[in-house]
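Notes to accompany the following structure.
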Amino acid sequence: MKPLKNRPHVLVFDSGLGGLSVVNALIDGMLGVDVFHLADTAFFPYGEKPDEALILRVPAVILAGIEATSADLVVVACNTASTLALDAVRAQVEIPVVGVVPAIKPAAALTQTGTIGLLATPKTVTRPYTDQLIAAFGAGKTVLRHGAVGLAGAAETKLAGETPDPQIFEAAIQGLFDQKGGEAIDVIVLACTHYPLVQAELETLAPHPVTWVDSGAAIARRTADLLHDQMDQGVTALRTGLTTGGADKATRRVLKSFGFQTTQALDV
Ligand code: DGL
């Protein structure tokens with residue numbers, strides 16, 4: 001049965017639970033919308049998957065999610081998916097699509113030293129889309145990139161209430177600051193939606209204080225702009241957390257404890 005609606009439905013899509021950092025921003029933004037989260041857990045992590053597979057899978061999973069939730073707008077809350085497949089998604093869905101891509105523009109405005117660290121998945125750091133963002137918004141700045149292996153997984157581990165391997169955080173920080181010129185980094189872009197969920201762990205390891213930038217608040221503003229006519233002021237309600245794949249009971253438990261009223265398995 002499709003969910004009944006009297007407020008706009010926003011579908012937040014990610015490979016896993018990183019979309020929850022964007023849901024947090026929607027809650028902070030006090031958007032009068034109903035939020036559904038879709039985690040493609042059957043195919044997690046995207047950051048280590050071939051592009052050919054992702055470009056087929058991402059639109060298919062999102063279409064199934066829109067159908068299941070009667071969504072009015074979808075947020076592709078995954079930098080790895082957005083930097084590859086936004087055009088493919090937009091070509092196949094009929095509702096507005098908000099992409100989440102590395103926040104180079106605000107980082108360039110914030111840096112005092114002119115050196116920005118870009119922390120993302122191994123796929124996102126190498127994408128032409130990321131090159132274009134840096135060329136367009138990072139002119140005159142030095143952007144040092146690091147593709148972090150296992151960091152999104154560490155965020156999932158933390159959400160599940162377990163202790164992630166501390167070496168994953170150390171490797172992420174060293175991957176940025178140990179590069180030539182890395183000591184000048186004063187702003188770090190968290191260009192994977194999982195990373196704001198482990199910002200505290202990263203912060204304690206940074207050799208000096210830096211400004212951490214993510215896309216959450218900008219995505220909440222963009223969503224509010226697009227739904228302006230349909231939306232009342234008010235609280236953001238968390239409706240259903242959907243997951244692909246059968247063996248992800250733990251993920252659904254996390255979604256429930258995060259505040260989603262129900263959880264549901266989605267067949268793709
Ligand atoms: N949360 C995703 C992103 O923003 C990626 C995590 C993954 O590797 O699946 O890039």
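Indexing begins at 1, ligand by ligand and atom by atom, following the structure's order.
Applying the ring pair (Phe, Tyr, Trp, His ring centres under 6.0 Å) test to residues at least two apart or on different chains, the pairs with a partner in residues 152-203 are F44-H194, F177-H208. Residue pairs meeting the side-chain hydrogen bond (donor to acceptor under 3.5 Å, both in side chains) criterion with at least one member in residues 125-152, sequence neighbours excluded, are D51-R127, T83-R127, D131-R145.
The side chain to side chain donor-acceptor pair (under 3.5 Å) check on T243 picks up D248, with sequence neighbours excluded.
Protein residues lining ligand 1, listed by chain and number: D14, S15, F44, P45, Y46, G47, C78, N79, T80, T121, A152, C192, T193, H194 [non-hydrogen atoms, distance under 4.0 Å].
Using the six-membered ring where Trp is involved, F43 and Y46 have ring planes that are perpendicular, over 60° apart on the 30 and 60° scheme.
For the pair L11 and I66, the minimum side-chain heavy-atom distance is below 4.5 Å. In this structure, L119 and L202 have side chains that are in contact, with non-hydrogen atoms separated by less than 4.5 Å.
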